[in-house]
Amino acid sequence: MTKTLPKQAILIVNAGSRRGADLFEEARDKLTAVGIELLDAKKCKTAATMDKAVKAALKKAPMVIVGGGDGSLSSFVDHFIGTNVVFALLPLGTANSFARTLGIPLDLDGAIGVIAKGEARKIDVGCINGDYFLNAAAMGLAPKVAESVPHGLKRKLGRLGYLVWAGWSAANFRAFRVKLEDGKRAFRMWATEVRIANGRYHGGIELIENADLKSGEIVVQVVTGRSVAKLGWSYLASATKMKARHQTVREFVAESFTLSTRPRMKVSIDGEIGEETPLEISALPDGVIIAAPRD
């Protein structure tokens with residue numbers, strides 16, 4: 001499915017995201033300037049008020065534009081499933097991994113250009129224990145960093161702040177056991193990180209190259225072994241596109257998985273701490289209509 005995007009929309013911006021509070025008025029004015037009729041525009045300071053605003057907007061507009069980071073976008077995707085409302089986004093967070101996956105420019109003008117001239121496209125969404133997500137989830141060091149990183153460090157330094165805190169957190173991190181089942185076989189291994197991917201990017205880095213938003217399948221990528229140093233090497237190899245990057249991980253692709261760990265692990269879903277293992281994982285084909293760049 002591809003079609004022209006609607007020209008009427010409601011804008012909802014997370015004022016708690018890294019750039020949301022600063023760019024709200026500019027985003028509103030520039031959307032209007034490119035021909036988008038805004039039926040309403042809201043700047044929300046809390047997740048609860050934003051959730052309420054998104055739910056209400058779905059009943060009033062053919063397109064809802066959400067401005068925020070990956071966590072904000074993924075938190076509200078559940079409301080769009082089963083509707084014909086187009087989900088448009090302004091990447092105003094730290095890593096903006098989902099925007100990178102879609103090929104949406106990270107600058108405000110570029111993202112608005114997609115909303116003005118792009119296309120409506122159906123894409124898959126992931127599901128973990130009944131909770132839908134857009135891009136990627138992870139367990140291991142990543143959730144530990146996401147849960148504990150000081151807000152000031154994240155806000156001031158962005159992705160660099162995450163890297164600094166990840167190095168600090170790695171000193172006390174230990175590997176864990178993973179059991180992954182795809183309905184046919186069970187795989188057991190030691191791991192330092194597990195990535196559950198609908199999209200290719202995680203933490204702003206292209207880590208899961210085989211992930212495809214139109215495949216109807218989910219990718220589970222495991223950084224194997226017990227060495228935290230190997231995990232760091234895996235990130236470096238992926239970020240710099242070394243040929244050796246594929247040697248640090250194992251990848252599994254299926255429509256659904258069951259995943260358990262010893263000990264139980266917390267899961268970061270698009271940067272927000274959510275579920276805890278064990279997990280039921282699946283893909284929902286064509287789950288949401290997204291505003292995307294034209295091919």
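Because only heavy atoms are used, hydrogens play no part in the values below, and waters and symmetry mates are left out as well, while side chains stay in.
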Heavy-atom count around Lys60 NZ within 6.0 Å, excluding the residue itself: above 12?
-> no
Do the side chains of Ile123 and Ile281 join up, straight or via other hydrophobic residues, at under 4.5 Å, putting them in one cluster?
-> no
So how far is it from Arg121 CZ to Asp295 CG, rounded to the nearest 0.5 Å?
-> 4.5 Å
Is there a chain of hydrophobic side chains (I, L, V, M, F, W, Y, each step under 4.5 Å between heavy atoms) that links Leu38 to Val85?
-> no
How about Lys241: does its NZ atom have over 12 heavy atoms from other parts shown lying under 6.0 Å from it?
-> yes
Atom CD of Glu25: over 12 foreign heavy atoms under 6.0 Å | no
Output the distance between atom CG (Asp212) and atom CG (Asp124), rounded to the nearest 0.5 Å.
-> 7.5 Å
So CD of Glu280 and CD of Glu275: to nearest 0.5 Å the spacing works out to 11.5 Å
Hey, can you tell me if Phe87 and Phe80 have their rings parallel, tilted or perpendicular (30° and 60° cut-offs)?
-> parallel
Ser75 side chain to Ser72 side chain, donor-acceptor N/O pair below 3.5 angstrom = no
Going only through I, L, V, M, F, W and Y residues with side-chain contacts under 4.5 Å, is there a path from Leu213 to Ile289?
-> no
State, to 0.1 Å, how close Pro6 and Met63 come at their nearest heavy-atom pair, and which atoms those are.
-> O-CE, 3.3 Å
Which atom of Gly130 lies closest to which atom of Asp78, heavy atoms considered = O-OD2, 4.4 Å
Measure across Thr4 and Arg294 and return the closest heavy-atom pair with its distance rounded to 0.1 Å.
-> OG1-NH2, 3.9 Å
Please step through side-chain contact (heavy atoms from CB on, under 4.5 Å) for the pair Val222 and Met189, ending with a clear verdict.
-> CA-CA 9 Å; Val222 183; Met189 66 208 91; 3.7 Å; yes
From CE (Met139) to CZ (Arg264), nearest 0.5 Å | 11.5 Å
Under the side-chain contact (heavy atoms from CB on, under 4.5 Å) rule, what do Ile273 and Ser268 come out as? Steps first, then yes or no, please.
-> CA-CA 4 Å; Ile273 303 300; Ser268 169; 4.0 Å; yes
Look at the side-chain heavy atoms of Ile, Leu, Val, Met, Phe, Trp and Tyr, link any pair under 4.5 Å apart, and say whether Leu90 and Ile12 land in one connected group.
-> no
Residues Glu26, Lys30: salt bridge by 4.0 Å N-O rule | yes
Are the side chain of Asp270 and the backbone N or O of Ser74 linked by a donor-acceptor pair below 3.5 Å?
-> no
Please round to the nearest 0.5 Å and tell me the distance separating atom CG of Leu73 and atom CG of Asn96.
-> 8.0 Å
Which residue, Gln221, Arg245, Arg200, forms the side chain to side chain donor-acceptor pair (under 3.5 Å) with Glu209?
-> Arg245
Does atom CG of Asn84 have more than 12 heavy-atom neighbours, drawn from other residues, nucleotides or ligands, at distances under 6.0 Å?
-> no
Would you give the length of the straight line joining atom CZ of Arg177 to atom CE of Met265, rounded to the nearest 0.5 angstrom?
-> 13.5 Å
Looking at side-chain heavy atoms only, is the closest gap between Asn210 and Glu251 below 4.5 Å?
-> yes
Polar side chain donor-acceptor pair, Asn135 to His202, under 3.5 angstrom = no
Take Phe98 and Tyr201 through the ring-ring contact (aromatic ring centres under 6.0 Å, His included) test and state the conclusion after the steps.
-> CA-CA 7 Å; Phe98 184 59; Tyr201 285 80; over 10 Å; no
If two hydrophobic side chains count as joined below 4.5 Å and joins carry through other members, does Leu134 share a cluster with Phe76?
-> yes
Return yes if a side-chain donor-acceptor contact under 3.5 Å exists between Ser256 and Ser282, otherwise no.
-> no
Evaluate the side-chain contact (heavy atoms from CB on, under 4.5 Å) criterion for residues Phe257 and Ile218: first the C-alpha distance (whole Å), next the side-chain angles of each, then the deciding distance (0.1 Å), finally the verdict.
-> CA-CA 9 Å; Phe257 293 98; Ile218 207 84; 3.4 Å; yes
How about Leu279 and Ile196: do any of their side-chain heavy atoms sit closer than 4.5 Å?
-> yes
Would Met50 and Val66 count as a side-chain contact (heavy atoms from CB on, under 4.5 Å) if you check the C-alpha gap in whole Å, the side-chain angles of each, and the deciding distance to 0.1 Å?
-> CA-CA 9 Å; Met50 196 166 180; Val66 180; 3.6 Å; yes
